[in-house]
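Whatever order the structure lists them in is the order used to number ligands and atoms, beginning at 1. Source: prediction; values computed, not measured.
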Amino acid sequence: MDDSVHEAAAFLRTAQRIAVLTGAGISAESGIPTFRDALSGHWANFDPQKLATPQAFARDPELVSRWYDQRRCECALCRPNPGHEALARLQKIATAEGREVALITQNVDRLHQTAGSADVIELHGNLWVWRCADCGKEIEEKGPAFSEYPPRCACGGNRRPGVVWFGEALPLAGFAAAQKAAKRCDMFLSIGTSSVVYPAAGLIESAITAGAKALEVNPEATPMSHEVEWSIRGKSGQVLPRLMRDAFGD
Ligand code: BJW
Ligand code: ZN
């Protein structure tokens, strides 16, 4: 692992355009369960892949909105970990040197923004902006848990979390910016994602096809582990600070 960190750090030191894609694994050390972790407590009998669909919300809006609201309230109590902080530092250091760092996340927890990352591209929305399923009105929810499920809009419609469910389109501008960053980068970092959910999982493939060198950080193997230049098996909260120390003495 040390050799890979060392080599990747040397490349990171001079890469002119860096694109980073993060997934649920980067927030695991902040206490947020990954998407594919089994649910616990009240939710133990539910499959997250079945709850994260427009069909589930249409069938049982109370259940689905309650699940998302509980996650919103839990995430509000979580803090960024050394992995988020290392990526925020990378962006500050590299952009100060006139280089580009695009931070693309599949996460809905906003911990990158809390850690100080700028211009974060949220591919799957976030837990705070809720939208009326009827009139489309959006409101940012920073307060305590809702008092009714599903929460209602002034127009009488059901409000839903502003996340992207299976079968729904990703935000057009955000996905276009992510694709552009992936295609023009010379280094692509894939951090804490299982690389199975498309179209986000296609970004690393686009980057490699366009000639970028890719680094993966994950304690487990993924479908991309054999395609990347450096596959580092470890926790992002440990590996990313080491990478930064090695690259920038930071
Ligand atoms: C650590 C760690 C530590 C642990 N450090 N690492 C092509 C092929 C096949 C299927 C499709 C395809 N194109 C589209 C599809 C269908 C579908 C899809 O991909 N399905 C696959 C599952 C087969 N995709 C879609 O439906 C997408 N929409 C779409 O394609 O629309 C088309 C369309 C076009 C035009 C009009 C209309 C439609 C939408 C996908 C939306 C995904 N949404 C979710 C839910 C968000 C809300 C919520 O949170 O509830 O996003 S699903 C879920 O998966 C969530 C995540 O962002 C996403 C990715 O998961 P992630 O982040 O990789 O997490 P995990 O849990 O899978 O993995 C964690 C990893 O961390 C693991 O590897 C661990 O080992 C690791 N780890 N500790 C580092 N300390
Ligand atoms: Zn409405």
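Selection from Val164, Ile26, Asn81 by nearest heavy atom to atom 44 (C) of ligand 1 gives Val164. In the candidate list Lys235, Gln106, Glu122, Gln106 is nearest to atom 59 (C) of ligand 1, counting heavy atoms.
A salt bridge links Arg66 with Glu62: the distance from a Lys NZ or Arg NE/NH1/NH2 to an Asp or Glu carboxylate oxygen falls below 4.0 Å.
Residue Tyr68 touches ligand 1 through its side chain alone, judged by heavy-atom distances below 4.0 Å. Only the side chain of Glu29 comes within 4.0 Å of ligand 1, counting heavy atoms alone; its backbone N, CA, C and O stay farther away. At a heavy-atom cutoff of 4.0 Å, ligand 1 is contacted by no atom of Leu123, backbone or side chain.
In this structure, atom 10 (C) of ligand 1 has no protein heavy-atom contact shorter than 4.0 Å. For atom 16 (C) of ligand 1, no protein heavy-atom neighbour is present inside the 4.0 Å cut-off.
At under 3.5 Å, not a single nitrogen or oxygen of Pro199, backbone or side chain, sits near a nitrogen or oxygen of ligand 1. Annotation: Asn218 places an N or O atom under 3.5 Å from an N or O atom of ligand 1; distance criterion only. Geometrically, ligand 1 and Leu170 share no nitrogen or oxygen pair separated by less than 3.5 Å.
Each of the atoms 6 (N), 69 (C), 70 (C), 71 (O), 79 (C) of ligand 1 lies under 4.0 Å from some heavy atom of Gly192. Residue-ligand proximity, Ser194 to ligand 1, at heavy-atom distances under 4.0 Å covers atoms 63 (O), 65 (P), 67 (O), 68 (O), 70 (C), 73 (O). Atom numbering of ligand 1 starts at 1 in the shown order; those under 4.0 Å from a heavy atom of Ala24 are 61 (P), 62 (O), 64 (O). Every atom of ligand 1 with a heavy atom of Gly23 under 4.0 Å away is listed here by number and element: 62 (O). Short contacts between ligand 1 and Val163, defined as distances under 4.0 Å to a heavy atom of the residue, involve ligand atoms 47 (C). Listed by atom number, the atoms of ligand 1 under 4.0 Å from Glu220 heavy atoms are 75 (O).
Ile208 and Leu189 fall into different hydrophobic clusters, where Ile, Leu, Val, Met, Phe, Trp and Tyr residues are linked whenever their side-chain heavy atoms come under 4.5 Å apart, directly or through other members.
Ligand 1 has no atom lying under 4.0 Å from any heavy atom of Gly237. Distances shorter than 4.0 angstrom occur between a heavy atom of Val108 and an atom of ligand 1. Contact annotation: Thr222 has no heavy atom less than 4.0 Å from any atom of ligand 1. By the 4.0 Å heavy-atom criterion, Arg71 is counted among the residues contacting ligand 1.
Atom CG of Asp119 sits in a sparse spot, with 12 or fewer heavy atoms from other residues, nucleotides or ligands closer than 6.0 Å.
Taking the six-membered ring for Trp and thresholds of 30 and 60 degrees, Phe166 and Phe35 have ring planes more than 60 degrees apart, a perpendicular arrangement.
Cation-pi geometry between Arg71 and Trp43 is not met: the NZ or CZ atom fails to fall both under 6.0 Å from the ring centre and inside 45° of the normal. Remark: Arg159 is not positioned above the aromatic ring of Tyr149, lacking an NZ or CZ atom under 6.0 angstrom from the ring centre and at most 45 degrees off the axis.
Protein heavy atom in closest approach to atom 78 (N) of ligand 1: Ala28 CB, 3.8 Å.
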